[in-house]
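Since the model is a prediction, treat every value here as computed from it, not as a measurement. All ligand and atom numbering here is 1-based and tracks the order in the structure.
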Amino acid sequence: MSRVYLDYNASAPLLEPVKAAMIEAFDVFGNASSVHSQGREVHSLLATAREKLAKMVGASGADVIFTSGGTEANNLALSPSLFSRDLQADARLYVSAIEHPSVLNGMRFEKDQITVIPVTRDGVVDVEWLRAELKSYAEEPVEVNKNEPPKKKVNPILVSVMAANNETGIIQPIAEIAEIVHEAGGLLHSDCVQVLGKVPLLLPMTDADLITVSAHKIGGPQGVGALIVRDNSIVLRDPLIAGGGQELKRRGGTENMAGIVGFGVAAEVVNNTQSAEQARVRKLRDELEAGILNISPDAIVFGKDQERLGHVCCFAVPGFSAETQVIQFDLMNICLSSGSACSSGKVEHSHVLKAMAVKENLSHAALRISLGSQSGSSDVTQFLKAWESIYTRVKKRGCAA
Ligand code: PLP
């Protein structure tokens, strides 16, 4: 029996052209900062990868800051030093309750500078709450300089809301949030790790000021990501990693060349195929979900009526144990995640499902399936066969699996 991999939100397999380009890049030695011809050769690989990623997200090359992954990019973005020195003491960070832990902890903001934005039971950020919260900023007077058109006052507010959630796949109303934040004179950061390759031209689409992306969710290598900064009026005054001035002084350290080359190729490949690929994978996901509901009519699919990423299904059957089922599936050669697994692999009450007011016992039953480039209809068939046998066995026993 072949292995069925249904955990693309955790990490996607390396795409073949990515692997080939990385192997080639390992032969190009030297430092991208060196002025000699060998250094320039490395620098040109770096510049090509930057342009490919920039093209995919609708940015320009100078907007891209390569990092060691999505976690570092999120950490880099969340700093009061985005604002001028005189405003930093009053800076406020708003993060949604369903963010990845690398955002939720607020990084370089003090605890008392952070406010959590609630989500509705549907798993969508409460836009009306945010609008009311930021209303007083929006009403502040505009700064008028008689030589320039009137400008909105800059307020030291950073709002961080992910474009889609990694556990449920529920898409967030980022463009609407951007409007509210900009009206209030603030900045918007959006963790786009799970939507890269799923939604075209992320930067214009989200209208965010800073976005985070990661290579290994789209078939690139692990340990590479980027923070993309909309325009050069946003200054990263205090880089997380200070060093030799790489990445236009925004992220020190000699670049991970092979990784960055791999990210560039992954961006190019996925950018050229994403719309057909998304339609193909969504069809598989819909078949799989219909099959689950057919076998287990008591299953609850989180966010079923919401706008969701087409490759994700997060579901639970009351009374079941996700932890046990993940092991049972694994014994049947099927890899998936429990909806609430934390990084240690232990099952905890998922902060995402908790924010959606899902009861703890149901949250402990949540499984997350995420499909991708190598998924096919035989995977759906094999999964449904396994699910039927697990479900029937647990129901027969009449107790939690
Ligand atoms: N943000 C989200 C929404 C994620 O799902 C992940 C990884 O699972 C990250 C950030 C972290 O990215 P990386 O693994 O590249 O550090």
Ala32: side-chain contact (heavy atoms from CB on, under 4.5 Å) partners, not counting sequence neighbours: Val42, His43, Leu46, Glu255

Considering only residues two or more places apart or on different chains, which pairs with a residue in residues 108-119 satisfy side-chain hydrogen bond (donor to acceptor under 3.5 Å, both in side chains)? Arg92-Thr115

Could you list the residues that satisfy salt bridge (Lys or Arg N to Asp or Glu O under 4.0 Å) with Asp7, not counting sequence neighbours? Arg368

Any chance you could lay out the salt bridge (charged side-chain N to carboxylate O under 4.0 Å, His left out) test for Lys395 and Asp298, step after step, and finish with the verdict? CA-CA 11 Å; Lys395 282 288 171 183; Asp298 50 345; 2.8 Å; yes

Would the Phe29 and Phe26 ring centres measure less than 6.0 Å apart? no

List the protein residues in contact with ligand 1, where contact means a heavy-atom separation under 4.0 angstrom. Gly69, Gly70, Thr71, Asn74, His100, Met162, Asn166, Asp191, Val193, Gln194, Ser214, His216, Lys217

Heavy atoms only: give me the nearest Glu51-Gly61 pair and the separation to one decimal. OE2-CA, 3.6 Å

